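For reference, the structure discussed in these notes is given below.
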There are 2 protein chains.
Amino acid sequence: MAADPSGLRARKKEQTRIALSWATIRLAVERGLANVRVEDIAAEVGVSPRTFNNYFASKGEAIADRELQRFRQFAAALRERPADEPLWPAITAAVLDRYALTGETDGGSVEEVDETARRRWVEGVRLMIAEPAVQRDLAAAYAAAEEQLAVAVAARTGTDVDRDMFPRLVAGAVGVALGTARQQWMRDQSVPIADLIVDALAQVAGGLPTP
Amino acid sequence: MAADPSGLRARKKEQTRIALSWATIRLAVERGLANVRVEDIAAEVGVSPRTFNNYFASKGEAIADRELQRFRQFAAALRERPADEPLWPAITAAVLDRYALTGETDGGSVEEVDETARRRWVEGVRLMIAEPAVQRDLAAAYAAAEEQLAVAVAARTGTDVDRDMFPRLVAGAVGVALGTARQQWMRDQSVPIADLIVDALAQVAGGLPTP
DNA sequence: AGGAAAAGTTGCGCGACACGCAAACTCCTG
DNA sequence: CAGGAGTTTGCGTGTCGCGCAACTTTTCCT
């Protein structure tokens, strides 16, 4: 479904999925989620309102989808790391590879935007994230993604997803680390997010020692 | 709001809140969430449908509320642990105190229920939890509760919730541990949940070493 | 104690949403 | 190029979520 380049068809589908997701985010950031109707999003993408619900069950889900995809890509990246690499270095590398370096900040073109616009955007995102509905779906998306990550971890460590808590604990811990890093970054963008991620992962991997 | 025995009023309020929550859970477990309307829940508790939404914004939120309260109680318990106790032992003790020992299994009376009924209940819960809507609100509830826990951890370790990632990482890790333990227990009830919790917390506190 | 104020509940109503269903349309396969 | 699987779309419907404005109950102040 996600990485399925089978037909030209699936590509188109994935394209509208992404378009819908971005449109939702953009509008929500600009006007606030409450002032965005499904109708608007559909119009923005040039598709029927009914179709929106074919892809997403709610606006929140559409918003969370980008984050979900990133997390999934990262899980996939982990799977393709050399098998003999120790777990935590592999995770860190995979995260930095697929998660932090993508320079996607906006709906399409990246480029340099003037500073005030960037601030406005970040603030908008902060407000959007604060929205209860978004929190819900975002959290759920993380949970779903962690499932996949847990499988990857299990494969790598020779543990069993159904019997051992280990893979799920690792997946969950990674999710927490990434989420916390993101949160921290939104609060203060003076430190690069990659550094925060590395730091958070290190703390988790180190057993959260009291500083 | 939660632990506010100020007036006789708040008590009553908390009572209906709990009643609504349990009623929602019970009905959802029995018939499946989709077959429970707000109207039914309200009727069960003897209150107006409109009132349900005064307490909860959705059925999912009502369901998640019990778990949220437990988590909050646990955060409170942590706050009252001796300040010189090391972090992780304090957390473990607080969890076992407030989280695992409450013998609440059903809407009210505990007692011994016959085995098949218990299994039916657990299975019902499993299905309920699997419901996307419930997953959403449950995850959100955890996130909210972790916020409080983070504050407690910060106070105990002399860190700052706004500047250090540490307290949030710890809170998140604890949440993951509890969630994973609960999940594991639902899959196989042969191991007491308290043991699973202790195990999960120990793994997290130990830096998730590959077994 | 008594009455005003604060807090909670209820009924009404509306805008929006989630989703089933079936028809129209599009792309793939042989 | 024709059959069929996969998608989009319009329509209809059952619920929601919540604002608003009475109405009732508790609390507080003098």
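First the proteins, then the strands, lettered A, B, ... as listed; each starts at 1. None of the values given here were measured: they were computed from a predicted structure.
Using a 3.5 Å distance cut-off with no hydrogens or angles, the side chains of B/R66 and B/Q69 do not pair a donor with an acceptor. In summary, the side chains of B/Q73 and B/R70 do not present any donor paired with an acceptor at a separation below 3.5 Å, with no hydrogens or angles considered. In the model, A/Y55 has no side-chain atom that pairs as donor or acceptor with a side-chain atom of A/E61 under 3.5 Å.
Put simply, NZ on A/K59 is 9 Å from P on C/dA16, counting in whole angstrom units. Rounded to whole Å, the distance from CD on A/Q15 to P on C/dC27 is 13 Å. Whole-Å rounding puts the B/R37 CZ to C/dA18 P distance at 17 Å. Put simply, CZ on A/R136 is 14 Å from P on D/dC16, counting in whole angstrom units. For the pair A/L20 CG and D/dT9 C1', the interatomic distance rounds to 14 Å; values are reported in whole Å. Atom CD in B/E39 sits roughly 14 Å away from atom P in C/dT10 (whole-Å rounding).
Five base pairs at each end of the helix from C/dA1-D/dT30 to C/dG30-D/dC1 define two local axes, and these are offset by 40° (rounded to 10°).
Applying the salt bridge (Lys or Arg N to Asp or Glu O under 4.0 Å) rule to pairs touching residues 32-41 of chain B yields B/R31-B/D40, sequence neighbours excluded. Legend: salt bridge (Lys or Arg N to Asp or Glu O under 4.0 Å) pairs involving residues 159-179 of chain B, not counting sequence neighbours, sorted by first then second residue: B/E147-B/R168.
Partners of B/A139 by side-chain contact (heavy atoms from CB on, under 4.5 Å), not counting sequence neighbours, listed by chain and number: A/A139. In this structure A/D199 satisfies the salt bridge (charged side-chain N to carboxylate O under 4.0 Å, His left out) test with no other residue, sequence neighbours excluded. B/V134 is linked by a side-chain contact (heavy atoms from CB on, under 4.5 Å) to B/L33, B/I63, B/M128, B/E131, counting only residues two or more places apart in sequence or in another chain. With sequence neighbours left out, the salt bridge (charged side-chain N to carboxylate O under 4.0 Å, His left out) criterion links A/R126 to A/E123. Remark: B/D195 engages no residue in a salt bridge (charged side-chain N to carboxylate O under 4.0 Å, His left out) (not counting sequence neighbours). For A/R81, the salt bridge (charged side-chain N to carboxylate O under 4.0 Å, His left out) partners two or more places apart in sequence, or in a different chain, are A/E85.
Between A/E14 and A/R11 no salt bridge is recorded (no basic side-chain N to carboxylate O distance below 4.0 Å).
A cation-pi arrangement is absent between A/K59 and A/F52, since the terminal nitrogen or guanidinium carbon is not both under 6.0 Å from the aromatic centre and inside a 45° cone about the axis.
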Check the interface with nucleotides 19-22 of chain C: list each N/O to N/O pair with the protein under 3.5 Å, or write none.
from, atom 1, to, atom 2, distance (Å)
C/dG20, N7, A/R50, NH2, 3.1
C/dG20, O6, A/R50, NE, 2.6

Please list, for nucleotides 5-8 of chain C, all pairs of protein and nucleotide N/O atoms separated by less than 3.5 Å.
from, atom 1, to, atom 2, distance (Å)
C/dA7, N3, B/R9, NH2, 2.5

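Contact annotation: B/T51 side-chain N/O to C/dT9 OP1/OP2 distance is not under 4.0 Å.
Contacts between residues 27-35 of chain B and DNA chain C, defined by a heavy-atom separation below 4.0 Å, involve no residue at all.
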